[in-house]
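The structure under discussion appears below in the form of C-alpha cells.
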Amino acid sequence: APTVCDAASYQCVDPASVSGATCALPIAVDGLPYSSSGNTTGISNDFSFVAGACPGETGAMGGGSADLVYRFTPEVSGIYDITLDTSFDAVLYVANDCADVDTTCKGASDNGNPENLSIELNAAETVYIIVDGYSSSLDQSGDYTLSIAEPCIPSCDGKTCGSNGCG
C-alpha cells in the first residue's frame, strides 16, 4: 500500500489512517472561529460528487483528487461562512453524510481561490466539510487552510410576520 508522511510523527503511514482521510476518521471542528491547515498530497481519493448533486456547482467534481473530511456540528442555527485557501485548484463541499455525498450535499464552491461557501446550518445538525481537488481526472492536491467563521444568526425580533424575510 502507498504511504504518506504523517506531519505530527514524521513517520510513514497508510493514507487511510491519516486523520480526515475517511468518514470513520474525520477531523473534528472543535469551536468557532475555526482554522486548520494541512496538505492533501498522498491522501486517498474517497470523495466526489456527480453533476447536479451539489447546489452551487453544476458539474461533477473531485473524482480524481486527494481529499480530506472535517466533521462539524453547529451549536446554533445560522449562516456559516466557510473559506478554503489552497495552493491547488480546489473544490469545497458540505454534505450531511460523507458516505453519500451525491444525495446529501448541501452546497459546493469551485469559484477560484479562495473557495467561499455561505451555508445555512441547523443547531445539532452534523455535516461533513470536504476539502478536495476540483478535477475528476487529475490529482489536484497540496497545502490548504480551512476556516469557519462565527455564524450569522438571523433575528426576527421586533418584526411582524412576513416582514423583512422573517415568517
query = Taking all atoms of both residues into account, what is the closest heavy-atom pair of D110 and E57, and its distance?
reply = N-OE2, 2.8 Å
ask   = Under the criterion side chain to side chain contact (heavy atoms under 4.5 Å, CB included), which of D132, V131, T86, D143 is the partner of T40?
value = V131
query = What do you reckon, is CD of E120 surrounded by more than 12 foreign heavy atoms closer than 6.0 Å?
reply = no
query = Got a donor-acceptor contact below 3.5 angstrom from the S109 side chain to the L92 backbone?
reply = no
ask   = Are any non-hydrogen side-chain atoms of N113 and D85 less than 4.5 angstrom apart?
value = yes
note = Taking every heavy atom of I79 against every heavy atom of S118, the minimum-distance pair comes out as CG2-CB, 4.2 Å
ask   = At what distance, to the nearest 0.5 angstrom, does OH of Y134 lie from CG of N111?
value = 14.0 Å
ask   = Got a second to check how far Y128's OH is from D100's CG, nearest 0.5 Å?
value = 12.5 Å
key: G62 to S136 - nearest heavy-atom pair and separation   = N-OG, 3.7 Å
query = If only atom types and distance count, is the side chain of T104 paired as donor or acceptor with the main-chain N or O of D97 below 3.5 Å?
reply = yes
Can you list, pair by pair, the side-chain donor-acceptor contacts under 3.5 Å of residues 43-55, counting residues two or more places apart and other chains?
from: S44; atom 1: OG; to: D46; atom 2: OD2; distance (Å): 2.7
from: N45; atom 1: ND2; to: G63; atom 2: O; distance (Å): 2.4

inquiry  = Hydrophobic clustering (ILVMFWY, side-chain heavy atoms < 4.5 Å, transitive) - are L117 and L84 grouped together?
reply    = yes
Exam field: side chain S37 to backbone T145, donor-acceptor pair closer than 3.5 Å = no
remark   = On a heavy-atom basis, the closest approach of P114 and T83 is CB-CG2, 3.9 Å
query = When rounded to the nearest 0.5 angstrom, what is the spacing between OH in Y144 and OG1 in T41?
reply = 11.0 Å
request  = I would like to know whether I82 and L146 meet side chain to side chain contact (heavy atoms under 4.5 Å, CB included); could you show each step before the answer?
outcome  = CA-CA 7 Å; I82 306 170; L146 177 73; 3.7 Å; yes
request  = Decide yes or no on side chain to side chain contact (heavy atoms under 4.5 Å, CB included) for I148 and I129, but give the supporting numbers first.
outcome  = CA-CA 10 Å; I148 306 171; I129 301 166; 3.6 Å; yes
With E125 via salt bridge (Lys or Arg N to Asp or Glu O under 4.0 Å) - residues at least two apart = K106
request  = State yes or no: do I130 and V18 share one hydrophobic cluster built from I, L, V, M, F, W and Y residues joined by side-chain heavy-atom distances below 4.5 Å, directly or via other members?
outcome  = no
request  = Give, for atom CG of D89 and atom CG of L138, the distance between the pair rounded to the nearest 0.5 Å.
outcome  = 10.0 Å
query = Within a strict 4.5 Å, meaning less than it, do heavy atoms of the F72 and Y34 side chains meet?
reply = no
request  = Kindly compute the distance separating CG (L25) from OG (S19), expressed to the nearest 0.5 Å.
outcome  = 6.5 Å
request  = Could you state whether V29 and Y93 fall into the same hydrophobic cluster, counting links through intermediate Ile, Leu, Val, Met, Phe, Trp or Tyr residues with side-chain heavy atoms under 4.5 angstrom apart?
outcome  = no
inquiry  = Starting from L121, can I reach I27 by hopping between I/L/V/M/F/W/Y residues whose side chains sit under 4.5 Å apart?
reply    = yes
ask   = Would a distance-only check, ignoring hydrogens and angles, find a side-chain to backbone donor-acceptor pair under 3.5 Å from S65 to S135?
value = yes
task = State yes or no: do L68 and V127 share one hydrophobic cluster built from I, L, V, M, F, W and Y residues joined by side-chain heavy-atom distances below 4.5 Å, directly or via other members?
result = yes
task = Check the pair L32 / Y80 against side chain to side chain contact (heavy atoms under 4.5 Å, CB included), numbers first and verdict last.
result = CA-CA 10 Å; L32 298 179; Y80 289 81; 3.5 Å; yes
note = In this structure, CG of D67 is separated from OG of S141 (nearest 0.5 Å) by 10.0 Å
